[in-house]
Amino acid sequence: MREGTAPVIHRLDYQAPTYWIATVDLTLDLDPAKTLITSKMAVKRNATQAHGALVLHGEELTPLRVMIDGEPVSFRQDGNLLHIDAPDRDFELVIRNTCCPEKNTALSGLYTSGGGFFTQCEAEGFRRITYFLDRPDVMAVYTVLLRADKAKYPILLSNGNLVEQGDLDGGKHFAKWHDPFPKPSYLFAVVAADLVAREQRVVTRSGKEHLLQVYVRRGDLDKTEHAMNSLIASMIWDEARFKLPLDLERFMIVGVSDFNMGAMENKGLNIFNTSALLCSPATQTDADFQRVEAIVAHEYFHNWTGNRVTCRDWFQLSLKEGLTVFRDREFSMDMAGSPSARAVQRIQQVRNLRTMQFPEDAGTMAHSVRPDSYTEINNFYTATVYEKGAEVVGLYQTLLGREGFAQGMALYFERHDGQAVTCDDFAQAMADANPDSALASRLDAFKRWYSQPGTPQVTARGHYDAAAQTYTLTLTQRNPKAGEGAAPQLIPVRMGLVGAEGHALPLNLAGQASVGALETVLLLEQAEQSFTFTEVSSQPVPSLLRGFSAPVLLDDGLTDAERLTLLRHDADAFNRWEASQRLALRRLLDAVQSGQALELDIGFLDAMRAVLRDPQLDPAFKAEALRLPEAAYIAEQLPVVDPQAIHNAVEAAWDQLALALRDDWAWAFEAHQVEGGYRPTAEDAGRRALANLALALLVRGSAMLADPVWPGKAYQQVKDATNMTERFGALSALVQAHAGLADAALTHFHEQFAHDALVVDKWFMLQARTAERDGKVFERVKKLLQHPDFTLKNPNRARSLLVQFCNLNPGAFHRTDAGGYVLWADQVAALDAINPQVAARLARAMDRWSTLAEPFRSAAQEALKRLSERPTLSNDVREIVTKALEA
Ligand code: B3K
Ligand code: ZN
């Protein structure tokens, strides 16, 4: 906890360090109360920089001794910096210090969890273990000696290869690890705990043998098979798709229950939140299986994109994160298989982008993919850096094609393996590997995706000239958030034209060689551009931004009739889904803006029924097309946001869908039951998703009609289901509908799974995310804060109640009596004293306060002000709150 204002760090202030550190020999004598660290470093003068004191980072450490070339030297501590008068040459530096892992509730650095030791060093956690040049451009070779009590900590792990291990006096033992790859300190890791491992030996294409291990607590071993399979699939995929093999003899994954995020890509020793690792059909849902596969892959892919080639400074974070998210998405799509299953993956990515990243890009924390400044870097592990960053990497592939993109990747590694580089280096490699491409000739314009914040707004208007048989499409772009006079961005618009009978029309673009292809990519690179298609025999419906080819807000100006044509006939599955969402969105927005009760028309209901009954469509796709747009996305379309009006419109729409399609939902539920054993395949998961949606609407309809049948069936399913997807689906159906049996089902579920923390998290999450009715959800959340199972100390638990309620349940959180805001301010403050990173995430619930309607707006501002006036806020929370108040 620091007082006063922390400095703002600027991207353009980057300077290489005065010294490099070539090797580090670390010895850790592990003790929860006082761990002793000895660090021996080979320090090299960086002759390109003027000589000056050696200034090391260190936080919450006690220094004992500093020696240069064997001689004790004096040092000066100034806040979190250690100044050492160092000579103008290479030397050996030895530092001894202590830290206190058991008091480390921030979970950054070395900490204890469940009786073991774990580390988290990204972004700036290594400085909480020992004094160091804790910046990603300082890459060193590490040798690590761990000493600890053998009975309590039988497993001692660090990065790289095990060199030696053995027993010591006093019931202790040791292990020595050596990592041959130079790495930044943020990739350092240590684990000392009582764990067991699932092991597998694999041979890669080159004939090399590797040992894969997944370490977990005793009793969790049967939940590691899916993670191991995902790891093996990731290895095979990266070698096949990008020719990137595993470079280590041993690759370890370790699960821990107290962790600030999903997982961490430490070299050869990934550390995972158990929520991103453990999987069993009895306790995890299809979505969990999917998430575990994606995160295992993501961390594994970091081994090349992040670890072999790392970031020069933290402003370049998207260089590794955007690229690695892109890679894990491509992997997940390849694993999903069929074109329809791939489209469902893309739909889920875009839904997530729209509900998380678009609001961020429009709000008080808006920043570009490569930010220009920050106060606390941990606040910049954002949807923009990750998800929009991945979209930007996807733009390269759209412009270059799969082959061209792969060549760009190959050149990137050829040039930069073993280096700490920038986003510019990546862009240059892509362009240089494809010198004749549209990218190479427009590289400066393309790079505005890295420098300009905000979601570009694109409008499209078409004009059909029947006499001339031409269709002219005029596209415009603007991005107010990027500032007055911001230059236009390079926006690839993948598109096709659909004829009145639903067939794809051949595309002949005036001025370009006639190709007659059914799909093309238009490059929108000016503020306004027109494209004229010739030989168009009838009025077409444009299908634009297929596959969501760029992260923009599109106003396509289409009529309902045109959208219905796309919903039925578009060759692009993503745009068929998009048509369903736009049909719903228009109706929801009309209701919200007119202040009238929402009344869904027959045309819309019939279209939704047709989707549900269409034998050509996959169940997973249907479940996505029939889901209404999220409240957060609806809010982004409005200049002034009344969360209660949005909530009422969405609830009314669900009610009407439930009643109008009641027979269809009953059919869908029965027809999509999965027989036989549980398999987490895209196909089975799709059937379960549709059956769960149907059950939710059946129970909702029953609650309105006072009909006991479906709630009874759902309650039975909570009790009897053989997998968590169906059990939790039934529980959610009851709770979300506020059905009579909901409380009994919640009690039953809690009793059954009280021993399983990850399932109890789900139990909290569901109650925090339930759609509000008469203030019941808010009252329940307040009560749950007092529940014996609730604690702010475990990030998963804190998030499952508080982030779910404050950040993700707007209809319940925004209250006219400001009760949600008061709860928020109190809990942010309480959490901040324990774990600033998690508190800062919760603090972001107010990002969009300035667009709220009254009385919400004033009350939100008041809560922000009160929080900002507290004397002891972390830099993490202070930065969020300060930026919010600047709106
Ligand atoms: N690189 C880590 C995130 C670290 C977050 C630090 N606050 C996990 C990942 O993106 O793979
Ligand atoms: Zn990552």
Side-chain angles (χ1 to χ4, degrees), residues 59 104 106-109 111 118-128 134-136 159 183-189 227 230-231 234 238 251 253-256 258-273 275-277 291-311 313-332 356 365 369 371 374-390 393 420 795 799 835-844 874-877 879-880:
E59 243 180 68
N104 183 358
L107 312 183
S108 163
Y111 63 93
F118 300 85
T119 55
Q120 171 55 34
C121 291
E122 187 176 1
E124 298 178 337
F126 192 70
R127 65 186 63 180
R128 293 162 62 89
D134 192 12
R135 41 186 287 170
N159 317 83
K183 65 170 175 287
S185 49
Y186 82 85
L187 291 174
F188 168 82
S230 303
L231 177 60
S234 308
D238 216 12
F251 190 90
I253 293 181
V254 178
V256 59
D258 297 288
F259 204 64
N260 281 347
M261 61 266 175
M264 177 64 211
E265 71 264 25
N266 316 302
K267 185 81 185 182
L269 180 55
N270 289 185
I271 298 183
F272 272 59
N273 190 323
S275 79
L277 183 66
R291 176 167 177 265
V292 166
E293 180 185 271
I295 298 183
V296 168
H298 180 96
E299 306 312 333
Y300 176 77
F301 296 153
H302 265 316
N303 191 47
W304 280 93
T305 48
N307 301 5
R308 287 285 285 253
V309 182
T310 195
C311 302
D313 55 70
W314 290 122
F315 296 102
Q316 319 300 328
L317 184 57
S318 199
L319 172 74
K320 75 176 177 81
E321 295 304 348
L323 178 54
T324 306
V325 173
F326 170 81
R327 278 153 52 68
D328 82 56
R329 286 175 171 186
E330 291 285 295
F331 165 76
S332 292
M356 308 300 290
M365 267 292 287
V369 166
Y374 62 77
T375 297
E376 173 50 64
I377 184 56
N378 285 316
N379 285 334
F380 286 81
Y381 287 74
T382 58
T384 299
V385 165
Y386 277 66
E387 267 73 37
K388 186 176 179 182
V393 175
R799 280 187 289 252
N835 188 327
Q837 279 184 46
V838 180
R841 171 82 185 90
L842 180 62
R844 297 206 44 196
S874 65
N875 288 338
D876 308 60
V877 168
E879 178 173 32
I880 304 293

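Atoms within a ligand are numbered from 1 in the order they appear, just like the ligands themselves. The first residue in the sequence is number 1, and the count goes up from there. The structure presented is a predicted model; accordingly, all values stated were derived computationally and were not measured.
Interface atoms of ligand 1 facing Gln837, defined by a heavy-atom separation under 4.0 Å, are 7 (N). Applying the 4.0 Å criterion to heavy atoms of Lys320 picks out, from ligand 1, the atoms 1 (N). For ligand 1, the atoms lying closer than 4.0 Å to a non-hydrogen atom of Glu265 are 1 (N), 2 (C), 8 (C), 9 (C), 11 (O). Close contacts between ligand 1 and Met264 involve ligand atoms 1 (N), 2 (C) [criterion: under 4.0 Å to a heavy atom]. Listed by number with element, the atoms of ligand 1 under 4.0 angstrom from any heavy atom of Glu321 are 1 (N), 9 (C), 10 (O). Numbered from 1 in the order shown, with element, the atoms of ligand 1 that lie under 4.0 Å from a heavy atom of His302 read 9 (C), 10 (O), 11 (O).
Exactly one of Ile271, Val256, Val292, Ile253 qualifies for a side chain to side chain contact (heavy atoms under 4.5 Å, CB included) with Leu277. That residue is Ile253.
The shortest heavy-atom contact between Asp876 and Pro836 is OD1-CB, 3.5 Å.
In this structure, OG1 in Thr310 is found 3.0 Å from OH in Tyr186, a value given to the nearest 0.5 Å. Note that CG of Leu107 is 11.0 Å distant from CZ of Phe118, once rounded to the nearest 0.5 Å. Of the inter-residue distances, the one linking Gln837 atom CD with Leu842 atom CG reads 14.0 Å to the nearest 0.5 angstrom.
Within Glu321, the N, O or S atom lying nearest to the Zn ion (ligand 2) carries the name OE1.
For atom 3 (C) of ligand 1, the nearest protein heavy atom (residue, atom name, distance) is Tyr386 OH, 3.5 Å. Scanning the protein heavy atoms around atom 8 (C) of ligand 1, the nearest turns out to be Ala263 O, 2.9 Å. Among protein heavy atoms, the minimum distance from atom 11 (O) of ligand 1 is reached at Glu299 OE1, 2.8 Å. Ranking the protein heavy atoms by distance from atom 1 (N) of ligand 1 puts Glu122 OE1, 2.6 Å first.
Not a single N or O atom of Tyr381, backbone or side chain, sits closer than 3.5 Å to an N or O atom of ligand 1.
Outside the 6.0 Å centre-distance limit, the rings of Phe315 and Phe380 are not counted as a close aromatic pair.
Under 3.5 Å, the side chains of Asn835 and Asn260 contain a donor-acceptor pair of N or O atoms.
For the pair Glu299 (side chain) and Asn270 (backbone), a donor-acceptor distance under 3.5 Å is absent. Not one N or O on the side chain of Asn159 forms a donor-acceptor pair closer than 3.5 Å with the backbone of Gly268.
The Zn ion (ligand 2) does not have Glu299 among its coordinating residues (no N/O/S atom, backbone or side chain, under 2.8 Å).
Using a 4.0 Å cut-off between heavy atoms, Glu376 makes no contact with ligand 1 at all.
Ring orientation note: the planes of Tyr381 and Tyr386 are tilted relative to one another, at an angle of 30° to 60°.
Looking at Asn378, Asn260, Val325 and measuring to atom 7 (N) of ligand 1, the nearest heavy atom belongs to Asn378.
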